[in-house]
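Chain naming here is simple, since letters A, B, ... match the order of the sequence lines and numbering starts at 1 in each. Heavy atoms only: backbone and side chains are in, while hydrogens, waters and symmetry mates are out. Just so it is clear, the structure is predicted and the values come from calculations on it, not from any experiment.
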Number of protein chains: 2
Amino acid sequence: MNNLSASLEDYLEIICNLLETSQSVKAVEIAKKLNISRASVSEALMKLAEKDLIIYEGHKGITITPTGLKKAQEVILKHKTLTTFFENTLGLNNTIAEENACKIEHVISDEVFFRIKTFQEYCEKNKNFIEDFKKGHKNTSHE
Amino acid sequence: MNNLSASLEDYLEIICNLLETSQSVKAVEIAKKLNISRASVSEALMKLAEKDLIIYEGHKGITITPTGLKKAQEVILKHKTLTTFFENTLGLNNTIAEENACKIEHVISDEVFFRIKTFQEYCEKNKNFIEDFKKGHKNTSHE
DNA sequence: ATTAATTGTAAGGCATGCCTAACTATTTGT
DNA sequence: ACAAATAGTTAGGCATGCCTTACAATTAAT
């Protein structure tokens, strides 16, 4: 009962991102962001609150708990690292990189994730190697 | 209605793999392989048959159609390529590589997949670069 | 303060994908 | 050929996660 579904991880991630620019988030903002109904968001928020990942008080808005923040940051780190790897190392465009990171972040294990992170950093230090690779892919990387 | 769920892709993949060693596959073999009930397999096979990806005739066994084979091979290629990338380039052990490939193969887009494939081949030609990277990870790669 | 607009909740539905239990059909062994 | 074992199906359940519709609560505007 401790593990979050891909769906709940997404909610948490969005809440955390929205909280960076405003004090408290409203359910309707999430509904708009995810393009789903207010009712579905309401249900999901109840589940997150039950797991003590957020504090949800209806019209008063949503606040994240320390546990929730930790979990959200883990997902966000996966998201960012994967996006960077797809863009900077593989040379793919941002849209494709984001879309794929969004899905893979929920299924990748910590071991593989951290290894990709380290590898990405290693590649960052070896620009020549990556530039040579990217030369064959001018098409997709900058459309 | 054309897109396969991760679950149905898994069934198709296993059917294809089992067909390599025997003429026709039985539902019970899949149930054992996936560790799920015969009833669940039965349902899934009906769905695959309805989509014309397999020919299913109960006790007579399962046969794959050309369309089904094509789809299965796509998934299998993703699976193999990802596993190889995780093992040979990132230096992770086979179990972790397989587990992650198994999940990512269902959510990764073709663009990202083909780029990883090309990148993996590029790395294969530049052993030094990869060997230097792997030197820091003796632990996980060969336990 | 009262109405209107916005936001949130509850109820009932649908699809996926798994389960068990009970039943049917087929195959195998003697 | 017939009983036993094996394989497959059906029915009813459960959880997730989405939907719509209708209703309730809150906030904003006049």
**Study point:** Closest nucleotide among dT16(C), dC18(C), dC19(D) to the I36(B) side chain
**Key:** dC18(C)
Check your understanding: Where the side chain of A27(A) is defined as all heavy atoms beyond and including C-beta, which of dA21(C), dG17(C), dG8(C) is the nearest nucleotide?
Key -> dG8(C)
Contact under 4.0 Å: [X] side-chain N or O vs [N] OP1/OP2:
| X | N | result |
| --- | --- | --- |
| S7(A) | dT16(D) | no |
| S5(B) | dG17(C) | yes |
| S42(A) | dT9(C) | yes |
| S37(A) | dC18(D) | no |
| Y56(A) | dT9(C) | yes |
| Y11(A) | dT16(D) | no |

Exercise for review: Check K78(A), K51(A), K71(A), K103(A) against E9(A) for a salt bridge (Lys or Arg N to Asp or Glu O under 4.0 Å) and give me the one that passes.
Suggested key: K71(A)
Practice item. Report the residue (E43(A) or K60(A)) whose heavy-atom-nearest nucleotide on DNA chain D is the more 5′ of the two. Key: E43(A)
Exercise for review: Let me know, please, whether G61(B) or H59(A) comes out on the 5' side of the other along DNA chain D by nearest nucleotide.
Suggested key: G61(B)
Rounded to the nearest Å, what distance is computed from the [atom1] atom of residue [X] to the [atom2] atom of nucleotide [N]?
| X | N | atom1 | atom2 | answer |
| --- | --- | --- | --- | --- |
| R38(B) | dC19(C) | CZ | C1' | 13 Å |
| M46(B) | dT16(C) | CE | C1' | 16 Å |
| N3(A) | dT16(D) | CG | C1' | 15 Å |
| L48(A) | dG8(C) | CG | C1' | 16 Å |
| L4(B) | dT16(C) | CG | P | 12 Å |

Review point. With a 4.0 Å cut-off on heavy atoms, is D10(B) in touch with a base, just the backbone sugar-phosphate, or nothing at all?
Key: nothing
